[in-house]
Amino acid sequence: MTNTGSVKKPVKKAVVLLSGGVDSSTTLAVAISEGYDVHALSFDYGQRHRIELLFSKRIAALFNVKKHTVLSFDMREIGGSALTSDIAVPKGTHTGSETIPVTYVPARNTIFLSFALAMSEAVGAADIFIGANSVDYSGYPDCRPQYLRAFEAMANLATKAGVEHTSVFKIHAPLLHLTKSEIIQLGASLGVDFALTLSCYDPSAEGSPCGDCQSCIIRAKGFKEAALTDPLLL
């Protein structure tokens with residue numbers, strides 16, 4: 001009799017972009033719930049809200065990821081954004097998706113996904129998760145589904161693994177068509193501790209949210225519509 005009980009299934013590996021905000025933390029929880037062995041990837045890129053890295057470390061620890069890597073480079077040398085240069089973060093307004101706000105960082109998701117692709121190829125992962133959202137988002141062009149499809153196609157053309165057909169890279173955006181309230185409800189159901197997350201573009205040095213930037217306004221609206229209390233405001 002053949003003993004098949006000892007045969008192990010191949011481990012599913014994924015690279016998850018993790019900023020420490022509501023969306024990326026929920027995306028990490030989704031990947032974990034789907035059985036992936038997660039390599040979390042965060043970036044110290046000269047952002048105004050660099051304190052978010054502390055929150056990303058807390059979330060990575062909460063979900064006991066395989067590895068959490070923080071890559072450093074300075075996008076302040078490029079500028080062009082309220083998050084990476086001396087441009088004031090807009091307060092008290094939510095422009096929606098009609099205009100691209102000054103908090104847009106030039107080509108940020110393309111840069112982040114490129115690093116994630118390199119890591120995926122290096123660790124033998126075919127799946128990349130990103131918390132992009134095209135519903136309650138800030139008008140960023142690199143959060144749109146057509147952009148993600150284009151990057152996925154490029155990933156399979158531009159890598160050794162893709163050319164040799166040893167991997168077919170897939171960009172997962174499980175929150176793409178969810179409202180912020182739906183994202184919060186999903187995260188809560190998967191064990192995300194939102195007290196360990198930060199969404200603010202202009203927090204204090206200790207990580208307290210300003211409560212008045214675009215990201216804070218979207219977060220507050222999401223918690224209200226989800227009928228939940230934001231633990232950062234307790």
Side-chain angles (χ1 to χ4, degrees), residues 15-25 27-28 40-56 69-121 128-159 169 171-173 175-176 180 183 197-203 209-210 212-219:
V15 172
V16 178
L17 295 178
L18 180 65
S19 69
V22 165
D23 294 352
S24 69
S25 299
T27 299
L28 173 62
L41 182 58
S42 304
F43 301 98
D44 181 358
Y45 61 96
Q47 66 269 47
R48 177 191 297 267
H49 53 312
R50 186 179 181 275
I51 189 70
E52 70 178 359
L53 293 171
L54 175 61
F55 289 81
S56 70
T69 301
V70 179
L71 294 181
S72 300
F73 52 95
D74 192 3
M75 292 190 71
R76 295 190 71 84
E77 294 292 331
I78 297 173
S81 168
L83 302 187
T84 56
S85 61
D86 296 326
I87 300 171
V89 173
K91 300 293 180 74
T93 58
H94 178 199
T95 60
S97 59
E98 291 80 13
T99 59
I100 299 174
V102 295
T103 51
Y104 164 73
V105 179
R108 182 175 63 177
N109 278 353
T110 301
I111 294 167
F112 287 2
L113 282 170
S114 296
F115 278 116
L117 177 60
M119 176 172 280
S120 294
E121 192 169 27
I128 298 170
F129 283 75
I130 182 173
N133 178 257
S134 62
V135 181
D136 284 340
Y137 79 123
S138 301
Y140 300 148
D142 51 5
C143 286
R144 296 176 298 165
Q146 56 267 46
Y147 162 75
L148 297 172
R149 290 195 299 268
F151 190 95
E152 182 177 277
M154 181 279 298
N156 286 293
L157 289 171
T159 54
F169 292 104
I171 307 298
H172 299 262
L175 313 183
L176 194 60
K180 185 65 73 175
I183 292 168
T197 68
L198 179 69
S199 304
C200 184
Y201 288 149
D202 195 22
C210 73
D212 204 29
C213 69
Q214 191 173 65
S215 190
C216 281
I217 291 170
I218 294 173
R219 176 173 173 139

Using side-chain hydrogen bond (donor to acceptor under 3.5 Å, both in side chains) as the criterion, list what pairs up with [X], not counting sequence neighbours.
X: Ser85; result: none
X: Ser199; result: Arg219
X: Tyr104; result: none
X: Asp74; result: none

Exercise. To the nearest 0.5 Å, what is the distance between CG (Leu41) and CG (Leu28)?
Worked result: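 Here the interatomic distance stands at 12.0 Å.
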- Results of ring pair (Phe, Tyr, Trp, His ring centres under 6.0 Å) for Tyr147 - residues two or more places apart only: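 Residues passing ring pair (Phe, Tyr, Trp, His ring centres under 6.0 Å) with Tyr147: none at all.
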Only counting residues at least two apart or in another chain, list the ones meeting ring pair (Phe, Tyr, Trp, His ring centres under 6.0 Å) with Phe55.
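Checked Phe55 against ring pair (Phe, Tyr, Trp, His ring centres under 6.0 Å); zero matches.
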Closest contact, heavy atoms only, [X] versus [Y]:
X: Ile111; Y: Pro106; result: CD1-O, 4.2 Å
X: Gly21; Y: Ser24; result: N-OG, 3.5 Å
X: Pro209; Y: Cys216; result: CB-SG, 3.9 Å
X: Pro141; Y: Ile100; result: CD-CD1, 3.9 Å
X: Ile171; Y: Leu113; result: CD1-CD2, 4.4 Å
X: Ala88; Y: Val102; result: O-CG2, 4.1 Å

Sequence-distant partners of [X], side chain to side chain contact (heavy atoms under 4.5 Å, CB included), two or more places apart:
X: Asn156; result: Glu152, Val168, Phe169
X: Leu54; result: Ile51, Arg58
X: Ser56; result: Leu18, Ser42, Leu53, His68
X: Gln146; result: Arg144, Arg149

Under 3.5 Å, side chain of [X] to main-chain N/O of [Y], donor-acceptor pair present?
X: Asp202; Y: Val89; value: no
X: Gln47; Y: Tyr45; value: yes
X: Ser134; Y: Leu176; value: yes
X: Ser81; Y: Leu83; value: yes
X: Asp212; Y: Lys91; value: no
X: Glu77; Y: Phe73; value: no

- State plainly whether the residues Asp86 and Arg76 are in salt-bridge range, i.e. N to O under 4.0 Å.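 Yes.
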Can we say Arg50 and Asp44 salt-bridge, meaning some charged N sits less than 4.0 Å from an Asp/Glu carboxylate O?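 Salt bridge: yes.
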Residue pair [X] / [Y], side-chain heavy-atom distance below 4.5 Å:
X: Thr27; Y: Ile183; result: no
X: Cys200; Y: Cys213; result: yes
X: Ile128; Y: His172; result: no
X: Leu17; Y: Phe115; result: no
X: Asn133; Y: Cys143; result: no
X: Tyr140; Y: Val105; result: no
X: Thr84; Y: Arg48; result: no

Aromatic ring proximity, centroids under 6.0 angstrom, Phe112 and Phe151: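 Not under 6.0 Å, so no.
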